[in-house]
**Q** 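Right, I'll just put the structure down here and ask away after.
Counting starts at 1 for both ligands and their atoms, in listed order.
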Amino acid sequence: MAFTTELKEAARAAGADLVGISPVARFDEVSAAHHPCSIFPEARSVVVLGKRIARGCLRGVEEGTQFQIYAQYAGNWVPDRFLALTTVTVATFLEDNRWEAVPLPNLPVQAPPMGVSVRPGTPPPNVMLDFDEAAVRAGLGRFGFNGEFMTPQFGPRQRFQIVLTDAELDPDPLCETSVCDNCRACASACPLGAIDGDAVQERVICGMKMPVAKVDWATCNACRNGAIPNGLHPSGRPDRVAAVCIRSCIHHLEQDGLIENALQTPFRRRPAWQVDRAGDVSLAEEV
Ligand code: SF4
Ligand code: SF4
């Protein structure tokens, strides 16, 4: 217990906004191609580290006047600079205490297997974890109706990295309550009809059931409402946090007091802009 507390304190001191720990046993239902033990067979704990995306870096997209701030800050600085330093600090802390620590960046889990297996029974050498599912297993939150992972602190506004370790750490409990209140503002806000509220599927992780709408990912990949295509692999999911669907969700979560990190002023102050399939721009009828 004391070592786990020290580890979390080190992570927070190194800039983590969120720290969750899952025992590797919570990955029993995961295939070898996405299992932590395919990378580190002796792993006992999965440490999920989260860093918030500041609400303000979405402002330029929300106003429709500046898109690069979000792309640079949330797409590069938060994961590859700030959070990467936190991750290496946590790995160093573990190895200073003589536990092996494997730091993992968040790679697109939709990418197909690549390369050849080097031992019988092992998967090809591009094993990738689903970080959002790992965050569920580490107790940091749950999936919302729109398919995004959401925490009670920041809703969908965070990035994750992971450290696998052979240290047996104290696990966090699963997050039993949902941030998403099923308001469906995300589906209403999508001008391309990509979130199908009539085709709700159940995502089940560690026995926890999360209703998620069917999403037309091909449409999201081509969306010009603030979504960013995956830069690492063409089959990877786009980043939708800045898209009008998720920005509408962020506004709703703050207005209805559903997340802790709500600011003093509302996120949405003017009707949202939207681009339809023909490329025509219009404004929503109301805020
Ligand atoms: S907009 Fe409403 S229904 Fe959609 S994910 Fe957010 S809280 Fe859930
Ligand atoms: S990313 Fe674009 S197409 Fe996909 S749900 Fe959001 S607004 Fe709709």
**Q** What protein N, O or S atoms come within a distance below 2.8 Å of atom 8 (Fe) of ligand 1, ordered by chain and number?
**A** C180 SG

**Q** Side chains of D181 and H252 only: does a donor on one sit below 3.5 Å from an acceptor on the other?
**A** yes

**Q** Atom CZ of residue position R98 - does it have more than 12 heavy atoms of other residues, nucleotides or ligands inside 6.0 Å?
**A** no

**Q** For ligand 2, which atoms sit closer than 4.0 Å to a heavy atom of I195?
**A** 5 (S)

**Q** If I compare all heavy atoms of I39 with all of V127, which pair ends up nearest, and what's the gap?
**A** CG1-CG1, 3.7 Å

**Q** Is any side-chain heavy atom of V102 less than 4.5 Å from a side-chain heavy atom of V163?
**A** no

**Q** At their closest point, which heavy atom of R157 faces which heavy atom of N261, and how far apart are they?
**A** NH2-OD1, 3.0 Å

**Q** Name the one of D170, V90, N97, V19 that satisfies side chain to side chain contact (heavy atoms under 4.5 Å, CB included) with L7?
**A** V90

**Q** What's within reach of atom 2 (Fe) of ligand 2, meaning protein N/O/S atoms under 2.8 Å?
**A** C223 SG

**Q** Looking at F267, I'd like to know if the NZ or CZ of R247 sits under 6.0 Å from its six-membered ring centre while staying within 45 degrees of the ring's axis.
**A** no

**Q** Of all heavy-atom pairs between A84 and Q161, which one has the smallest distance, and what is that distance?
**A** CA-OE1, 3.4 Å

**Q** Between R203, M150, M208, which is the residue that forms a side chain to side chain contact (heavy atoms under 4.5 Å, CB included) with R142?
**A** M208

**Q** Is D17 paired with R52 through a side-chain N to carboxylate O contact shorter than 4.0 Å?
**A** yes

